[in-house]
Amino acid sequence: MFAYFVRRLLYVLPVAIGVSIICFLLVHIAPGDPLTAIMPVDATAEEQAAMRSAYGLDKPLPVQYAIWIGKAATGDLGKSIATGRPVANEVFAAVKNSLLLAFAASIIAFPIGLFLGFVAGYFRDTIFDRIVTGFAITGVSVPNYWLGIVLVIIFSVNLSWLPSMGAGPGGSGEWAWDYAHIRHLILPAVTLAVVPIGIVARTVRALVGDIFSMDFVQALYAKGMRHSDVLKHVIRNAAPTALSVMGLQLGYLLGGSILIETVFNWPGSGFLLSNAIFQRDLPLLQGTILVLALFFVFMNLIVDVAQAAIDPRIKRS
Amino acid sequence: MALKKFRGAAIAALSIAALATTSIHAMAAGTLRVGMTASDIPLTTGQTDQGGEGMRFMGYTVYDSLIEWDLTSSEKPSVLIPGLATEWAVDEEDQTKWIFKIREGVTFHDGSPFTANDVVWNFEKLLNPDSEQYDPRQSAQGKSRIPAVASYKAIDDFTLEITTKEPDATLPYQLAWILMSSKANWEAHDKSWEEVAKEPSGTGPWKLESFVPRERAELVPNSEYWDDTRVPKLDKMVLMPLPEPNARTAALLSGQVDWIEAPAPDTIPALTGNGFEIVSNAYPHNWTWHLSRLEGSPWNDIRVRKAANLAIDREGLKQLLGGLAIPAKGFLPPSSQWFGNPTFEVKYDPEAALALMAEAGYSPENPLKVKALISPSGSGQMLPLPMNEYVQQSLAEIGIEVEFMVVEWNQMINLWRAGAADPSVDGSMSINFTYFIQDPFTGLIRHLSCDLIAPNGTNWGHYCDPEMQDLFKQIKTTFDAAEQDEVLKKTHEKYVNEALFLMVTHDVAPRAMSPKVEGFVQAQNWYQNFSGITIAE
């Protein structure tokens with residue numbers, strides 16, 4: 001198991017380097033000028049050139065990359081061009097807020113998705129199955145930013161039950177697990193949970209349905225095993241794939257959702273990324289993408305290791 | 001007897017104290033929560049970023065400039081008034097030399113006194129990269145605003161001398177941009193602007209109490225402010241960046257904010273239907289097509305330029321914008337003090353437009369083909385896509401066939417800086433770029449001056465005309481304000497009479513607010529005074 005873990009960890013290194021090169025090149029290929037955010041639009045060409053030089057943007061791309069990755073390796077992601085604040089502080093503050101949202105959305109999405117998927121798979125081709133499948137397809141298909149706006153209109157504007165934006169009455173810096181703060185979390189978390197509910201439910205439904213039709217299940221029944229014990233076998237066989245899907249979904253959730261965080265003005269990594277894109281804030285953009293990509297890579301690593309722990313066949317392969 | 005007197009005095013003192021406390025509580029009038037369009041809290045150290053909104057909410061609130069805009073009236077255009085300088089004059093013998101009298105008795109929020117030496121220190125902060133206090137971020141925002149300044153010195157604590165590179169009567173307008181930070185506060189924060197940003201100190205009517213980047217800033221009144229009439233009545237003003245228009249509207253409708261900047265036109269009926277007020281006013285902003293005047297550009301023909309200006313039904317466009325626009329009658333808004341009396345009337349007259357196009361050799365059957373650079377969004381651009389499509393359709397009706405080159409806003413700024421001759425504009429003959437037109441330089445000079453042809457300046461279309469250049473020179477060398485206004489009027493008349501731009505409309509800076517917000521007067525300016533506002537119970 002340890003050797004498997006080390007091998008998977010070593011795979012992460014080239015992936016991380018590849019990710020850093022791609023994200024660096026992507027943000028530099030995009031048209032636009034990062035200096036727009038910090039200079040008046042009518043600043044003279046001379047002033048722009050001086051500022052470009054001050055930020056090292058006049059150096060060749062490979063040199064800029066080498067400087068950036070060298071510093072990033074030591075944890076220094078540079079300073080945001082638009083705000084002058086350290087990128088690492090900005091990214092980690094935002095990721096913390098996205099984690100909070102992802103955590104809340106996962107608590108809603110995974111139990112509901114698992115339950116609905118299992119019920120639909122168990123009662124395949126019945127009315128339960130059709131209702132759950134319809135719900136799952138709707139969850140996956142409805143644009144969640146639209147759903148967010150609808151929820152805001154109903155619960156914030158019309159009913160005045162829940163706030164429409166922000167991460168707490170005093171901002172995210174003062175987060176506390178009390179109702180005044182949690183009520184800010186409800187609408188974005190529910191909106192964010194809808195897609196994973198649909199995806200997990202559909203996956204588990206298909207898995208459970210397929211496993212029930214497998215020969216070994218018939219064999220277990222034929223041997224006279226109790227129904228509840230057969231269910232345990234079914235669950236155990238479905239678990240690795242379900243875990244993998246949930247891991248991927250968690251990765252997406254942790255990455256933050258640009259649209260959801262924009263609709264709810266939630267100060268997470270998606271919101272940060274969106275601002276960085278519009279302002280062409282290269283250091284912030286590179287830093288945020290790199291951190292989120294590495295998050296995703298490590299999330300996959302954890303899922304792979306967890307899968308191997310549950311299913312020894314994976315480890316052997 | 002003495003004891004009796006003492007007791008009487010004590011009772012009187014206590015009564016006065018009680019009255020004073022009561023009056024302070026009576027003055028303090030609630031918290032105003034504002035949803036800004038900016039995506040972050042503007043730079044807090046002095047010169048702000050985030051454009052006009054940054055100056056509005058974090059500039060002229062926390063800081064003052066030597067010369068300020070009068071923001072007290074909604075009826076007339078804003079003019080310059082004394083700020084931290086009480087008076088100023090140019091030397092009659094040497095018109096590059098100006099003397100400013102500095103206001104006495106002003107203190108920064110940290111308690112340190114404001115003197116002429118602080119002005120010098122602040123100029124060094126922006127203009128001298130070798131100075132200890134030089135701040136590249138503030139310099140990036142402020143340096144280009146004071147191109148005339150060559151040198152400066154404090155003659156004594158309350159007398160300042162500024163020398164300009166050449167005689168330049170627009171210096172007072174330039175100085176209205178420059179905000180004064182506290183040297184003592186910078187020193188108290190280990191001479192670190194990053195630390196100052198967390199706890200800044202200016203001389204303005206508001207103090208920054210706290211802020212969370214990207215989320216909120218809280219301002220409280222500066223009760224020691226030097227102008228009694230501008231001591232804020234509110235207890236607190238909270239600024240929240242809410243860049244997404246629907247999120248802003250929802251925040252207002254759900255009672256999370258009391259005021260939002262720039263509500264989207266299609267949300268206005270919902271807002272007014274729910275009892276919210278829409279406040280707007282004319283201000284120095286325009287929405288135009290800046291025309292290429294390179295050789296071979298069809299816009300070099302004055303008949304085509306005039307025809308295009310006569311082809312647009314601006315009242316129809318106003319309807320499209322939910323009534324939140326002022327149809328253009330010129331380059332400056334009709335209420336501008338520099339509008340003048342142009343002889344060419346900018347109006348909707350399709351027949352006259354068709355006649356002019358026929359004279360120029362074009363018709364709807366034999367159209368003139370032009371390429372126009374537009375963006376789908378952008379700061380101050382209003383609703384660029386539907387508006388440009390409206391203009392495109394209007395021009396098609398008189399025989400001008402427009403092909404759009406659509407680029408994202410950030411890239412648009414680059415193409416605007418590059419100018420009409422740059423290969424990156426791909427032969428576009430106009431650019432739809434909205435303008436801040438508040439002072440002589442930003443309003444008129446920078447767009448058409450021969451020495452500012454792009455990429456060295458902001459004359460995108462490469463226009464150069466000796467008569468116009470002479471008017472610009474007169475603006476800079478006319479030191480009497482009233483006479484200078486006359487020259488500015490003449491300049492604007494030439495802008496309009498020669499139809500130098502496709503002049504379409506002016507924004508009205510709409511803001512939506514709760515009916516609880518009282519006492520706000522929307523000045524005809526990019527900046528506003530928040531001191532008179534109260535929140536009703």
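From a predicted model like this one, the values you see are computed outputs, not experimental measurements. A note on names: the letters A, B, ... follow the listed sequences, proteins ahead of strands, and every chain is numbered from 1. The figures that follow rest on heavy atoms only: side chains count, while hydrogens, waters and symmetry mates do not.
A/Y55 touches chain B through its side chain: at least one heavy atom from C-beta onward sits under 4.5 Å away, while N, CA, C and O do not. A/L272 touches chain B through backbone and side chain together, each having a heavy atom under 4.5 Å away. Residue B/M240 touches chain A through its side chain alone, counting heavy-atom pairs closer than 4.5 Å. B/V257 touches chain A through its side chain: at least one heavy atom from C-beta onward sits under 4.5 Å away, while N, CA, C and O do not. Contact of B/P42 with chain A is not made at all, since no heavy-atom distance falls under 4.5 Å. For a residue to count as touching a neighbouring chain, one of its non-hydrogen atoms must lie under 4.5 Å from one of that chain's; by this rule B/P213 touches chain A with backbone and side chain alike. Within the 4.5 angstrom heavy-atom criterion, no atom of B/W409 approaches chain A. Interface residue A/F278: backbone and side-chain heavy atoms are both found under 4.5 Å from chain B. At a 4.5 Å heavy-atom cutoff, the contact between B/S39 and chain A is made by backbone and side-chain atoms alike. For A/S274, no part sits under 4.5 Å from any heavy atom of chain B, backbone or side chain. At a 4.5 Å heavy-atom cutoff, the contact between A/V152 and chain B is made by side-chain atoms alone. Only the side chain of A/Q48 comes within contact range of chain B, with heavy atoms under 4.5 Å apart. Within the 4.5 angstrom heavy-atom criterion, only side-chain atoms of B/I413, from C-beta onward, approach chain A. For A/A94, the parts lying near chain B are the backbone and the side chain together; criterion is any non-hydrogen pair under 4.5 Å.
Side chains of A/F271 and A/I258 form no contact here, defined as non-hydrogen atoms less than 4.5 Å apart.
The candidate from B/L253, B/L242, B/N456 with the greatest count of non-hydrogen atom pairs under 4.5 Å with chain A is B/L242. Contacts with chain A were tallied for B/E215, B/E244, B/R446; B/E215 has the most, counting heavy-atom pairs under 4.5 Å. Between chain A and the residues B/G457, B/P243, B/G255, the most heavy-atom pairs under 4.5 angstrom are made by B/P243.
A donor-acceptor contact shorter than 3.5 Å links the side chain of B/R216 to the backbone of A/P169. Judged purely by atom type and a 3.5 angstrom limit, B/R248 has no side-chain atom pairing as donor or acceptor with the backbone of B/P263. Side-chain atoms of A/R280 do not come within 3.5 Å of backbone N or O of B/Q411 as any donor-acceptor pair. Checked by atom type and distance alone, the side chain of B/N128 pairs as donor or acceptor with a backbone atom of B/D130 at under 3.5 Å. Remark: side-chain polar atoms of B/T44 are paired, donor with acceptor, to backbone N or O of B/A197 under 3.5 angstrom.
Outside the 6.0 Å centre-distance limit, the rings of B/F433 and B/W460 are not counted as a close aromatic pair.
In summary, of the residues considered (A/D281, A/L285, A/L284, A/V87), a side chain to side chain contact (heavy atoms under 4.5 Å, CB included) with A/I81 occurs for A/D281 alone. Just one of B/E195, B/K198, B/E199 meets the side-chain hydrogen bond (donor to acceptor under 3.5 Å, both in side chains) condition when paired with B/H189; it is B/E199.
No side-chain donor-acceptor contact under 3.5 Å links B/S375 and B/E408. For the residue pair B/Y435/B/H290, the side-chain donor-acceptor check at 3.5 Å is satisfied.
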